[in-house]
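Report on the structure given below.
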Amino acid sequence: KLGNETVKAELGRATWKYFHTVMARFPETPTEDQKEALRSYIYLFARLYPCGECAEHFMQHLSKYPPQVSSRNAASGWACFVHNEVNAMLDKPEFDCTNLGEFYDCGCGEDDEEGKG
Ligand code: FAD
């Protein structure tokens, strides 16, 4: 079966939105257990990404730029950086990572702020 670039791009957009939102909700000062959870999640995310060619590329990025999980800031900045690596590979413009701010909002309010990670 032929690949479908439109469908692949749609999956990519949905996934990046989710991926960056996970980082935006990661605790500012995570416990060792929360850091380990995020690290494992990122490696499994890469391994299980549905587009096999994308997964392979992304795993290469991971081995070059290991996940940063020490804080929300570190994780969000790292995710922005690796997404930019994918952007560069695909000849897409670089995203300004200083503009991350409130860009990725889960819509879930403050109530469960520290419950994640
Ligand atoms: P996307 O790159 O999907 O970005 C969506 C939105 O996120 C942008 O509109 C912008 O608002 C924001 N954004 C952009 N850059 C950043 C950043 N650095 N940090 C935070 N937010 C940002 N496609 C392939 O053809 N080949 C591949 O090998 C491939 N590998 C992929 C690997 C992974 C893990 C993922 C999730 C996707 C991959 N894709 C790949 C899909 C590709 O990255 C895009 O998602 C797809 O091409 C659609 O691009 P887009 O221009 O709509 O914006």
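Atoms within each ligand, like the ligands themselves, are counted from 1 in listed order.
- In terms of heavy atoms, F26 sits closest to Q34 at CE1-O, 3.5 Å.
- The distance between the ring centers of F45 and F19 falls below 6.0 angstrom.
- Residue-level proximity to ligand 1 for F81 is absent, since no heavy atom of it falls below 4.0 angstrom.
- The residue K17 has no part lying near ligand 1, judged by heavy-atom distances below 4.0 Å.
- Within the 4.0 Å heavy-atom criterion, neither part of F19 lies near ligand 1.
- Using 4.0 Å as the threshold, M89 has a heavy atom nearer than that to some atom of ligand 1.
- Contact annotation for atom 40 (C) of ligand 1: protein present (non-hydrogen atoms, distance under 4.0 Å).
- Considering only non-hydrogen protein atoms, atom 7 (O) of ligand 1 sits nearest to Y104 OH, 3.3 Å.
- Taking only nitrogen or oxygen atoms, main chain and side chain alike, H83 reaches within less than 3.5 Å of ligand 1.
- In terms of protein heavy atoms, atom 30 (N) of ligand 1 is closest to C54 CB, 3.1 Å.
- Only the side chain of H20 comes within 4.0 Å of ligand 1, judged by heavy-atom distances.
- Only the side chain of V86 comes within contact range of ligand 1, with a heavy atom under 4.0 Å; no backbone atom does.
- The protein non-hydrogen atom at the shortest distance from atom 25 (O) of ligand 1 is K8 CE, 3.3 Å.
- Within ligand 1, counting atoms from 1 as listed, the ones closer than 4.0 Å to a heavy atom of C80 are 17 (C), 18 (N), 19 (N).
- The closest protein non-hydrogen atom to atom 26 (N) of ligand 1 is L90 CD2, 3.7 Å.
- Formation of a donor-acceptor pair under 3.5 Å by the N84 side chain with backbone atoms of F95 is found in this model.
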